[in-house]
Amino acid sequence: MLAANRRHGVSEWDGMHFDFVCPSPTHYPFQWFWDSAFHAIALLQVDPALAKQELRSLMQGAQPDGFIAHMLLWEKSLNPQWLLPDYSIRLAHPFYTATIQPPVVARALERIYDATGDADFVREILPPVLRFVRWLQRVRDQDNDGLVAIIQPDESGLDASPKYDAAMGVPSQPPEETLPALRRSMQRLFNAYEGVGAEREPRLDVFLFEDVMVNTIHADALRALARLSRAVGLPGADELEREYRRTLDALMAKCWHPEAGLFWDLSGAKEEQVKVLTFSSLFPLVLGDLDHGVAKRLVEEHLLNEKEFWLPYPIPSVAATEPSYDPKWLTQTTWRGPTWVNVNWYIYWGLRAHGFDDVASELARRTVEMQAKGGIREFYDPVTADGYGATDFGWSCLVLDMIAAEGSPHPKR
Ligand code: GLC
């Protein structure tokens, strides 16, 4: 399937050679920033040379100021339907967007290094990844608190998550009103950003989210870049390590809610905690340096809670206790209840980092079973494992990495 989703050729604009795996041939024909990082990790189980190729292709999107767009529209003229207003894309250039996605790419680079030991590859790819992280810090952390902000919902990759509903002025209920309201609201944001420029956009405070998942991935990127810099003899490792600790400390100081035993995103310049329970609230578990007592509460009080997240096919994108929880995809939009494989993959490794190996194995087992029932789809019903959304969906191949880590195609019970 990864081979069938592969796209290669010469770009219509700068004559660059692209060669990458698209997220879905029927739904998503371009190169997406965090998808490609997940694809590279899955490709390691098949062909490490293709994993490297995936990141090389992606880094051709790096701009002189460090920015890397969330979509590179390599074969734009073959896919005109994507330019319809329905998709709500904001462009910085005819061939790439003005928006970002989380820097999973640093973790992908670390995994490629661990699998191949190729220090030259790290020396080639780390500099543009680091410049992107510096861009994030400069442009998206203008209050300098160690947490970076997204300025429209799809920048997290969690496009229509109900945690953004209040900030977007979108009704969480009834389901059929969510999508049209969201489209109208996106257009309002685009109008506000028209001609403003990247540096000033966050200052408008029309949508500003210090998102727990995005900042966990940002912290993880700083950690991975520090480790890789040290390993291949590039400068700046100590500073990156300090920045990693600072972002982790900021997550604890500003987002951790000791009574609830979970993390909340911050909305607006006023940084109000947004109390909508989604998997993001558990996400700092991904960081091995998170306080163990905190990790234990996330796992025991929430992840393993059968009313919230521990459903037959965990981890639902929204807790089953939320009024907006929509496991059957009635809203016809994303991240409002179904289970996604990239989330399970991240939490799987977080569980292992904190010594919850049995929970990790059970999560892997149920993820494989879910995919066996539902196919290689974009997301799944957390109760029945029915597959929804795009078909032949690239990052759902991350099960390969979990299976390899478990050492068996049928992870143990
Ligand atoms: C959807 C997802 C987003 C992903 C994109 C391509 O928009 O919400 O996270 O990057 O599809 O797969």
Side-chain angles (χ1 to χ4, degrees), residues 1-2 4-7 20-43 54 57-58 61 68-76 79 81-91 96-105 107-108 150 152-165 168 170 178-179 182-183 186 189 209 211-214 216-217 278-280 283 315-318 326 329 331-346 376-380 387-398:
M1 202 205 81
L2 289 165
N5 286 13
R6 194 164 160 207
R7 297 286 176 272
F20 67 98
V21 172
C22 75
S24 163
T26 49
H27 288 62
Y28 303 113
F30 304 119
Q31 187 164 26
W32 266 261
F33 190 63
W34 77 332
D35 296 68
S36 257
F38 294 129
H39 296 165
I41 293 166
L43 283 165
E54 188 81 17
S57 190
L58 191 64
I68 306 178
H70 105 274
M71 285 168 71
L72 301 174
L73 311 180
W74 293 117
E75 294 181 302
K76 187 176 168 186
N79 298 285
Q81 73 281 15
W82 267 89
L83 306 172
L84 299 175
D86 274 7
Y87 282 101
S88 297
I89 295 176
R90 202 158 60 86
L91 295 178
Y96 57 81
T97 59
T99 40
I100 55 161
Q101 270 187 336
V104 180
V105 62
R107 179 75 167 258
I150 56 165
Q152 65 186 58
D154 52 332
E155 287 203 317
S156 64
L158 313 177
D159 310 358
S161 172
K163 65 189 190 169
Y164 305 132
D165 285 356
M168 290 295 278
V170 162
T178 305
L179 184 54
L182 201 63
R183 286 199 174 127
M186 283 293 269
L189 277 188
F209 245 75
D211 183 295
V212 170
M213 184 203 73
V214 172
T216 301
I217 294 174
T278 71
F279 76 91
S280 298
F283 212 73
I315 301 166
S317 43
V318 176
D326 174 26
W329 197 38
T331 51
Q332 291 285 301
T333 186
T334 49
W335 300 101
R336 299 185 73 93
T339 298
W340 294 68
V341 174
N342 63 335
V343 172
N344 289 14
W345 175 84
Y346 256 126
I376 310 180
R377 298 295 295 270
E378 189 176 7
F379 42 86
Y380 301 84
Y388 298 125
T391 50
D392 294 340
F393 190 67
W395 81 43
S396 290
C397 294
L398 284 169

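Both ligands and their constituent atoms are indexed starting at 1 by order of listing. Side chains included, hydrogens not; waters and symmetry mates left out as well; all remaining heavy atoms used.
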When Thr331, Thr333, Thr178 are each screened for side-chain hydrogen bond (donor to acceptor under 3.5 Å, both in side chains) with Asp326, the one that passes is Thr331
Less than 3.5 Å apart, N/O on ligand 1 and N/O on the protein: could you list those pairs with the distances?
residue, atom, partner, partner atom, Å
ligand 1, 7 (O), Asp159, OD2, 2.7
ligand 1, 8 (O), Gly157, O, 3.1
ligand 1, 8 (O), Asp159, OD1, 3.1
ligand 1, 8 (O), Asp159, OD2, 3.1
ligand 1, 8 (O), Trp335, NE1, 2.8
ligand 1, 9 (O), Trp34, NE1, 3.0
ligand 1, 9 (O), Gly157, O, 2.6
ligand 1, 10 (O), Trp34, NE1, 3.1
ligand 1, 10 (O), Asp35, OD1, 2.6
ligand 1, 10 (O), Gln101, NE2, 3.0
ligand 1, 11 (O), Tyr28, OH, 3.4
ligand 1, 12 (O), Asp35, OD2, 2.7

Indicate the atoms forming the closest heavy-atom contact of Ala108 with Ala40, along with that distance.
CB-CB, 4.4 Å
Under 4.0 Å between a side-chain nitrogen and a carboxylate oxygen: does that hold for Arg90 and Asp154?
no
Does Thr278 reach the main-chain N or O of Val318 with its side chain, forming a donor-acceptor pair under 3.5 Å?
no
Is it true that Ser36 and Glu54 share a donor-acceptor pair across their side chains at a distance under 3.5 Å?
yes
Sequence neighbours left out, what passes ring-ring contact (aromatic ring centres under 6.0 Å, His included) with Tyr164? Give chain and number order.
Phe207, Phe209
